[in-house]
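All remarks here apply to the structure that follows.
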Number of protein chains: 2
Amino acid sequence: MQDPTDTAGESSPGLVSTAIQAITRHIRSEGLAPGDPLPSEAAMTRQLNVSRTVVREAFRSLSAMRLIDMSAGRRATVAKLDTGAMSMVIEHGITTQQISVHQVYDVRRTIEMRTVALAALRRTDAEAAAIGQSARSMRENFLNPEIVMEHDIAFHEAIAAASHNPVFSLIVTAFSGVTRSTWVIGWRTRSSNEDQLKMIKGHEDIAEAILKGDPRLAAEHMAQHFDKSVKALLDAGIA
Amino acid sequence: MQDPTDTAGESSPGLVSTAIQAITRHIRSEGLAPGDPLPSEAAMTRQLNVSRTVVREAFRSLSAMRLIDMSAGRRATVAKLDTGAMSMVIEHGITTQQISVHQVYDVRRTIEMRTVALAALRRTDAEAAAIGQSARSMRENFLNPEIVMEHDIAFHEAIAAASHNPVFSLIVTAFSGVTRSTWVIGWRTRSSNEDQLKMIKGHEDIAEAILKGDPRLAAEHMAQHFDKSVKALLDAGIA
DNA sequence: AGACAACAACCTGTCATACAGGTTTTGAGG
DNA sequence: CCTCAAAACCTGTATGACAGGTTGTTGTCT
């Protein structure tokens, strides 16, 4: 167990990377679905002929990316699609100033112009109701910014879900963290209650267009919403 | 060093998660930029009052997400924005059948309709040249599918880069892996050389529109390109 | 004094072992 | 057949050891 070069080839980029590849390959070759169990660490250790340390770091890495779920006592399982890794990448980009909030909003606008149109075309009644409920909750709590923000985020995620394309959901949700750390700034620049209510009205318009099943109208309202939001951020001096 | 509950609070979701948070918080609070060094594992071990095992798994996890760079002997450094984690998430979604190739193409279409328009508006001369060169290389090697594919991928990534929004680049690049595993299928359904050359012509049209700085025309050509690509995949029975 | 080589200090990569605590399996007894 | 407790298995964390890479220091030679 002390000659790591005897099994396969590679070696150069480290044993852990090799182990990660082995695990993902296992998932693919066995055709595993979310919830299915993976081999135990001990089994992997034997199969790859490396120490448990290496196997464990590989499992842990995949767990950090939310590709697998781990918990004490149980074997690791294949994970459902999750936005964890993407969020961390985006947030890392922001904190290290490699991307700006403005750039994130440009991407969000691009994507949500599409999700809102798709939602108008493909939403179920339940989804339309959920979207409308989020908008209504924003109005009902409009004196409490924190709560308005959470409903705002839920609103956009609900629209993405109603697009019935999980990749859109993934991306939109990945941006939610950024939204959480900038939302209040935009809210504050809308000095008057009137402005704030107008912004909430924008959400209701979007929800209504989705309910009516009018993709063009929905996209138009979404565009206006984003233009105003970006303007609010720019007014506040956010790059 | 054997009472992990003495330092902060939390505890429940595992020491490793806590360590990961501590490291990312360190990056943020110190305002580190890509290339800047992080504390050594030993230092982190002392600071968090946990074993090296835990600290190491945390570092390794961040390294797997490409948020930091590690190499033997040197301290870990903050990493430049990289698509590694995102690619893995997307590919995981595909292999576990939680997302379909078709859905990925829909997202690509949405995003690249925007990147191509931005590229037409913001491209530098060098970027326009690189995009044109990729298209030309596709034609020159059109008998060798593998090479055409690589230039095709480079073409789209170059357009994303010319949009001058790294978030777009990140997403487009993350999809390249999926493209690599499906591209040949689409190519084969274009049975005749004539069809294949027509597809390459589409790329040249896009490059030309970007060179001319005409965002509307560029977007139109991109839309046609994607519609044909998706049709080719559908003809081949790809969901 | 300056160049350069050898060395020391530090760092990460990997291995082995140990044990605590959670989960599943098993099997004995009713 | 059901119940329930022990056994077997599994992950979470700690510790110590050593190989090999990197960097800064020192001391010698020119």
Side-chain angles (χ1 to χ4, degrees), chain A residues 1-23 26 32 35-79, chain B residues 1-23 26 32 35-79:
Chain A
M1 237 181 242
Q2 44 252 23
D3 184 4
T5 69
D6 56 358
T7 22
E10 319 319 308
S11 73
S12 13
L15 301 183
V16 176
S17 303
T18 309
I20 290 177
Q21 280 182 278
I23 297 168
H26 176 91
L32 298 188
D36 290 349
L38 277 69
S40 72
E41 293 174 3
M44 228 23 150
T45 291
R46 282 189 298 274
Q47 181 187 326
L48 298 179
N49 211 32
V50 296
S51 72
R52 176 145 90 105
T53 306
V54 169
V55 171
R56 233 190 115 58
E57 287 185 11
F59 270 99
R60 182 66 81 171
S61 294
L62 291 171
S63 168
M65 286 187 276
R66 310 290 199 95
L67 302 192
I68 66 177
D69 291 323
M70 297 174 76
S71 71
R74 274 198 297 270
R75 302 229 299 248
T77 59
V78 176
Chain B
M1 232 180 250
Q2 45 253 21
D3 185 3
T5 68
D6 54 0
T7 21
E10 322 314 311
S11 74
S12 15
L15 300 184
V16 176
S17 303
T18 310
I20 290 178
Q21 280 182 278
I23 297 168
H26 176 91
L32 298 188
D36 290 350
L38 276 68
S40 73
E41 293 173 3
M44 235 8 162
T45 290
R46 281 189 298 274
Q47 182 189 325
L48 298 179
N49 210 32
V50 296
S51 72
R52 176 146 92 102
T53 306
V54 169
V55 171
R56 235 192 112 58
E57 287 184 11
F59 271 97
R60 182 65 82 172
S61 294
L62 291 171
S63 168
M65 285 188 277
R66 310 290 200 94
L67 301 191
I68 67 177
D69 291 322
M70 297 175 76
S71 71
R74 273 198 298 270
R75 302 230 298 250
T77 60
V78 176

Task: side-chain N/O A:R60 vs D:dT13 OP1/OP2, d < 4.0 Å - done: yes

- [ ] Compare side-chain N and O positions of A:R56 against OP1 and OP2 of D:dG12 and report whether any pair is under 4.0 Å apart.
- [x] yes

Open item on the list: Regarding B:S40, tell me which of base, sugar-phosphate or nothing describes its non-hydrogen contacts under 4.0 Å with the strands shown.
Closed with: sugar-phosphate

Would you kindly give the [atom1]-to-[atom2] distance between [X] and [N], to the nearest whole Å?
| X | N | atom1 | atom2 | value |
| --- | --- | --- | --- | --- |
| B:R75 | C:dG13 | CZ | C1' | 17 Å |
| B:D69 | C:dC11 | CG | P | 19 Å |
| A:F59 | D:dC10 | CZ | P | 11 Å |
| B:E57 | C:dT14 | CD | C1' | 13 Å |
| A:E41 | C:dG22 | CD | P | 17 Å |
| B:N49 | D:dT13 | CG | P | 14 Å |
| A:M44 | D:dC9 | CE | C1' | 17 Å |
| A:I20 | C:dG13 | CD1 | P | 12 Å |

- [ ] For B:R75 and B:P39, work out which heavy atoms get closest and say how close.
- [x] NE-C, 4.2 Å

[X] side chain, from C-beta outward: closest of [options]:
| X | options | value |
| --- | --- | --- |
| B:M70 | C:dT14, D:dA14, C:dG13 | C:dG13 |
| A:R74 | C:dC15, D:dT11, C:dT23 | C:dT23 |
| A:T53 | D:dG12, C:dG13, C:dA16 | C:dA16 |
| A:S51 | D:dG12, D:dT13, C:dC15 | C:dC15 |

Side chain to side chain, [X] and [Y], heavy atoms closer than 4.5 Å:
| X | Y | value |
| --- | --- | --- |
| B:L32 | B:H26 | yes |
| A:R60 | A:M65 | no |
| B:L38 | B:I68 | yes |

Task: Value rounded to 0.5 Å, distance of CZ in A:R52 from CD in A:E41 - done: 5.0 Å

Task: Residue closer to the 5' end of DNA chain C, B:A72 versus A:A72 (nearest nucleotide) - done: B:A72

Open item on the list: For A:R52 and A:V16, find the nucleotide of DNA chain C closest to each by heavy atoms; which residue's nucleotide sits nearer the 5' end?
Closed with: A:V16

